Engineer: 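Structure in structure tokens, see below.
All figures in this text were calculated on a predicted structure; none of them were measured in a lab.
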Amino acid sequence: RKLQKSVTVLAGFAAGERGGVAYARLSAGSATGLLRTEFSVGPSAKRPPHAVAYAALTAVARAVAQRGISRVTFVVNDAAFVEEIITGLGVGEALAIPYVHLRCVLNSLAKFSIRTGQTDDLTQRAKAEVALNIAA
């Protein structure tokens, strides 16, 4: 059986009233690919901080796992969100279920890590698409 290399997944996302979209750039060595996935999240007026991030990263992690990728380093541009996922501290009652959903998907992977990094181009792409959906 061939040993799978670790895949780095940079994720950028945005959401409007009708849900959200996430873009992820997958890279393993010199091979790269772009993934687009949609997710749902509650109305913006009632969203706790990081609600969009939880929904988006859960959707991206699920899409990556469905492609048979099991060793992943996720990169997002929100240090407070990364710290919350790693430690579980500050999650709060409103995000307890989204946190558990995300951790379940992450724990289904053979190995994962998450860190902060630049994902501005992917985030801008997601924001542009959400803006177009709002205008439509």
Engineer: If I take atom CD from residue Glu129 and atom CD from residue Glu38, how far apart are they, to the nearest 0.5 angstrom?
Structural biologist: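 It is 7.0 Å, given to the nearest 0.5 Å.
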Engineer: Where do Ser27 and Thr8 land on the side chain to side chain donor-acceptor pair (under 3.5 Å) test, with the steps shown first?
Structural biologist: CA-CA 5 Å; Ser27 58; Thr8 301; 4.5 Å; no
Engineer: Determine whether Ser6 and Thr73 make a side-chain contact, defined as any pair of heavy atoms from C-beta on separated by less than 4.5 Å.
Structural biologist: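 The answer is yes, as the side chains (C-beta and beyond) meet within the 4.5 Å cut-off.
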Engineer: Kindly work out whether a path of hydrophobic side-chain contacts (I/L/V/M/F/W/Y, heavy atoms less than 4.5 Å apart) joins Val105 to Val100.
Structural biologist: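 No; tracing contacts between hydrophobic side chains, which count when under 4.5 Å, never links both residues.
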Engineer: Mind listing the closest non-hydrogen atom pair of Val82 and Ile114 along with its distance?
Structural biologist: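 Heavy-atom minimum between the residues: CG1-O, 3.8 Å.
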Engineer: Say whether, by atom type as modelled, one donor and one acceptor occur between the side chain of Arg25 and the main chain of Val9 under 3.5 angstrom.
Structural biologist: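 No.
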Engineer: Please indicate whether Ile97 has more than 12 foreign heavy atoms, meaning atoms of other residues, nucleotides or ligands, lying under 6.0 Å from its CD1.
Structural biologist: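 Open: at most 12 neighbouring heavy atoms sit under 6.0 Å from CD1 of Ile97.
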Engineer: Answer yes or no: is there a side-chain heavy-atom contact under 4.5 Å between Asp78 and His50?
Structural biologist: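 The answer is yes, as the side chains (C-beta and beyond) meet within the 4.5 Å cut-off.
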Engineer: Do you know which two heavy atoms are closest between Ile69 and Val72, and how far apart they sit?
Structural biologist: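 Heavy atoms of Ile69 and Val72 come nearest at CG2-CG2, 3.7 Å.
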Engineer: So, taking the atom named CZ in Phe81 and the one named CG in Leu102, what distance separates them when rounded to the nearest 0.5 Å?
Structural biologist: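 The CG atom of Leu102 is 5.5 Å from CZ of Phe81, to the nearest 0.5 Å.
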Engineer: Measure the spacing between CG of Leu132 and NZ of Lys127 and express it to the nearest 0.5 Å.
Structural biologist: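 The CG atom of Leu132 sits 14.5 Å away from the NZ atom of Lys127.
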Engineer: Within a strict 4.5 Å, meaning less than it, do heavy atoms of the Tyr54 and Val41 side chains meet?
Structural biologist: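 Side-chain contact under 4.5 Å: no.
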Engineer: Kindly say whether Val76 contributes a backbone atom to a donor-acceptor pair with the side chain of Arg115 at under 3.5 angstrom?
Structural biologist: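 Absent.
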Engineer: Rounded to the nearest 0.5 Å, what's the gap from CZ on Arg71 to OG on Ser113? Could you check?
Structural biologist: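 So the CZ of Arg71 and the OG of Ser113 are separated by 11.5 Å.
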Engineer: Heavy atoms, side chains only, cut-off 4.5 Å: are Asp120 and Asn77 in contact?
Structural biologist: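 Result yes, sub-4.5 Å side-chain heavy-atom pair found.
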Engineer: Between Tyr99 and Ile85, what is the shortest heavy-atom contact and its length?
Structural biologist: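 For Tyr99 and Ile85, the tightest heavy-atom pair comes out as OH-O, 3.7 Å.
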Engineer: Does Arg67 reach the side chain of Leu35, with side-chain heavy atoms less than 4.5 Å apart?
Structural biologist: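 Counting from C-beta outward, Arg67 and Leu35 do come under 4.5 Å.
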Engineer: What pair of heavy atoms forms the shortest contact from Thr123 to Gly12, and how long is it?
Structural biologist: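 Where Thr123 meets Gly12 most closely, the heavy atoms are OG1-CA, 3.4 Å.
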Engineer: Would you check if Ser70 and Lys111 make a side-chain contact, meaning some heavy-atom pair closer than 4.5 Å?
Structural biologist: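 They are not in side-chain contact.
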Engineer: Angle between ring planes, Phe13 versus Phe39, binned at 30° and 60°: parallel, tilted or perpendicular?
Structural biologist: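 Taking Phe39 first and then Phe13, their aromatic rings stand perpendicular (interplane angle over 60°).
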Engineer: Minimum heavy-atom separation for Ala65 to Leu109, with atom names?
Structural biologist: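 Closest heavy-atom pair between Ala65 and Leu109: CB-CD2, 3.9 Å.
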Engineer: With a 4.5 Å heavy-atom cut-off, do Val64 and Val7 have their side chains touching?
Structural biologist: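 No, too far: nothing below the 4.5 Å cut-off.
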Engineer: A side-chain contact here means heavy atoms from C-beta on lying under 4.5 Å apart; do His101 and Pro98 qualify?
Structural biologist: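 Of all side-chain heavy-atom pairs linking Pro98 with His101, none is under 4.5 Å.
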Engineer: Shortest non-hydrogen contact from Leu95 to Pro49?
Structural biologist: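 Shortest heavy-atom separation between Leu95 and Pro49 comes out as CD1-O, 2.9 Å.
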